[in-house]
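Numbering of residues begins at 1 and proceeds along the displayed sequence.
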Amino acid sequence: MRLRNNPKAYDIMKENDSFVIIEPEKCKNKWHEVFGNDNPIYIEIGMGKGDFIYQNACRYPDINFIGIEKFPSVLAAAINKVNKQETKVSNMKLIHYDAIELKNIFAKGEVDHIFLNFSDPWPKNRHAKRRLTSKQFLSVYQDILVSKGEIEFKTDNRGLFEYSLVSLNQYPMDLLYVSLDLHNSPENETNIMTEYEKKFCEKGPIYKLVARYREDG
């Protein structure tokens with residue numbers, strides 16, 4: 001369920017500029033300077049309320065994490081939630097941005113890994129191009145990822161998962177991992193759940209894939 005509009009969302013972003021990037025376009029090709037190190041950069045597109053990206057930043061301090069959210073009110077909720085956490089992290093930044101425009105804020109090969117978690121399935125065929133695993137988005141990701149960078153995708157929507165398997169394979173990409181029931185697989189031991197995942201995992205299986213662009217693709 002999408003959050004109600006928060007009229008103070010932009011104010012909340014500006015008040016938390018220690019970890020919220022207000023003008024991300026100025027960071028293009030400078031993200032390592034922003035973090036002050038040369039660690040790998042992992043991004044989550046559609047970060048929701050931030051549980052996943054925050055927990056990753058806590059678990060993996062030698063990786064830089066950037067959470068990207070299109071909707072201001074959702075990002076504001078994530079910021080408020082992060083501020084309530086006892087553990088503070090310096091390897092996480094949050095951004096309000098549209099995924100289709102990511103080439104405006106990341107240089108070619110500047111990102112090492114992309115997470116897509118429980119994206120909007122856009123079930124109607126006429127809206128297929130809006131899915132975050134459609135060809136137009138895959139083209140954007142390919143431009144900003146390093147040559148052997150990977151996309152990690154989770155969903156509870158079987159239709160979206162099947163669409164994504166076909167879309168990635170046809171792009172073309174190589175599927176490195178596919179699970180039709182993540183929570184009952186060995187990989188679940190290291191799985192970090194999103195807030196959505198915690199609420200709805202009992203209603204059905206969680207699907208996951210990891211894919212890499214073909215170097216000759």
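For K8, the NZ atom counts as loosely surrounded, since its 6.0 Å shell holds 12 or fewer non-hydrogen atoms of other residues, nucleotides or ligands. In the displayed structure, K70 atom NZ is contacted under 6.0 Å by at most 12 heavy atoms of other residues, nucleotides or ligands.
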Please test E215 against K148 for side chain to side chain contact (heavy atoms under 4.5 Å, CB included), starting from the C-alpha separation and ending with a verdict. CA-CA 8 Å; E215 293 187 359; K148 293 186 178 181; 3.3 Å; yes
Could you walk me through whether T133 and F137 pass the side chain to side chain contact (heavy atoms under 4.5 Å, CB included) test, one step at a time? CA-CA 6 Å; T133 50; F137 282 100; over 6 Å; no
Decide side chain to side chain contact (heavy atoms under 4.5 Å, CB included) for Y177 and K208; before the verdict, give the C-alpha distance in whole Å, the side-chain angles of both, and the deciding distance to 0.1 Å. CA-CA 8 Å; Y177 173 84; K208 179 177 178 176; 4.0 Å; yes
Please test R214 against D174 for salt bridge (charged side-chain N to carboxylate O under 4.0 Å, His left out), starting from the C-alpha separation and ending with a verdict. CA-CA 6 Å; R214 295 178 193 166; D174 290 320; 2.8 Å; yes
Would you please test K203 and D156 for side chain to side chain contact (heavy atoms under 4.5 Å, CB included) and show each step? CA-CA 9 Å; K203 295 186 177 182; D156 63 337; over 6 Å; no
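Residues F153 and L102 are members of one and the same hydrophobic cluster, defined by side-chain heavy-atom contacts under 4.5 angstrom among Ile, Leu, Val, Met, Phe, Trp and Tyr. There is a path of hydrophobic side-chain contacts, each under 4.5 Å, that joins L132 to Y171. Hydrophobic clustering, with ILVMFWY side chains joined whenever heavy atoms are under 4.5 angstrom apart, groups I100 together with I43. Residues V140 and Y213 share a single hydrophobic cluster, defined by chaining ILVMFWY side chains whose heavy atoms lie under 4.5 Å apart. Cluster annotation: V166 is not connected to Y141 through the hydrophobic network of ILVMFWY side chains, with a link wherever side-chain heavy atoms come within less than 4.5 Å.
Each side-chain hydrogen bond (donor to acceptor under 3.5 Å, both in side chains) pair with one or both residues in residues 15-25, not counting sequence neighbours, appears once here: N16-N83, E23-K26, E25-Y97.
Taking 4.5 Å as the limit, some side-chain heavy atom of T87 sits within range of a side-chain heavy atom of Y54. Inter-residue side-chain proximity for M13 and I79 is flagged as met; some heavy-atom pair is nearer than 4.5 Å. Looking at heavy atoms from C-beta onward, D51 lies out of side-chain contact with E197 at the 4.5 angstrom threshold. At least one side-chain heavy atom of H183 sits under 4.5 Å from a side-chain heavy atom of M193. Side-chain contact check for M47 versus F52: every heavy-atom pair is 4.5 Å or farther apart.
Side-chain atoms of S185 come within 3.5 Å of backbone atoms of L182 as a donor-acceptor pair (strictly under, hydrogens ignored). Not a single donor-acceptor pair under 3.5 Å links the side chain of D181 to the backbone N or O of P205. Side-chain atoms of S139 do not come within 3.5 Å of backbone N or O of Q136 as any donor-acceptor pair.
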Run the side-chain donor-acceptor check on residues 109-118: report pairs under 3.5 Å with partners two or more places apart or on a different chain.
{"residue": "E110", "atom": "OE1", "partner": "N29", "partner atom": "N", "Å": "3.0"}
{"residue": "E110", "atom": "OE1", "partner": "A107", "partner atom": "N", "Å": "2.7"}
{"residue": "E110", "atom": "OE2", "partner": "N29", "partner atom": "N", "Å": "3.1"}
{"residue": "E110", "atom": "OE2", "partner": "K30", "partner atom": "N", "Å": "3.2"}
{"residue": "E110", "atom": "OE2", "partner": "W31", "partner atom": "N", "Å": "3.2"}
{"residue": "D112", "atom": "OD1", "partner": "I41", "partner atom": "N", "Å": "2.8"}
{"residue": "H113", "atom": "NE2", "partner": "E152", "partner atom": "OE1", "Å": "2.9"}
{"residue": "N117", "atom": "ND2", "partner": "E44", "partner atom": "OE2", "Å": "3.0"}

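Heavy atoms only, all atoms of each residue included: P72 and Y10 are closest at CG-OH, 3.3 Å. The nearest pair of heavy atoms linking P40 to D62 is CD-O, 3.6 Å. Closest non-hydrogen pair, L75 versus E69, comes out as N-CG, 3.9 Å. Contact between N157 and P121 at its shortest, heavy atoms only, is ND2-CB, 3.6 Å. Of all heavy-atom pairs spanning Q55 and I192, the tightest one is CB-CG2, 3.7 Å. Between N91 and P61, the closest heavy-atom pair is ND2-CA, 3.5 Å.
Atom CD1 in I151 sits 7.5 Å away from atom CD1 in I45 (nearest 0.5 Å). To the nearest 0.5 Å, the span separating CG on N56 from CG on N64 amounts to 12.5 Å. The NZ atom of K93 lies 5.5 Å from the CD1 atom of I21; values are rounded to the nearest 0.5 Å. Here the straight-line distance linking atom NZ of K28 with atom CZ of F106 works out to 11.0 Å at 0.5 Å rounding. Distance check: K154 NZ to Y196 OH gives 12.5 Å after rounding to the nearest 0.5 Å. Atom CZ of R131 is separated from atom CG of D120 by 9.5 Å, given to the nearest 0.5 angstrom.
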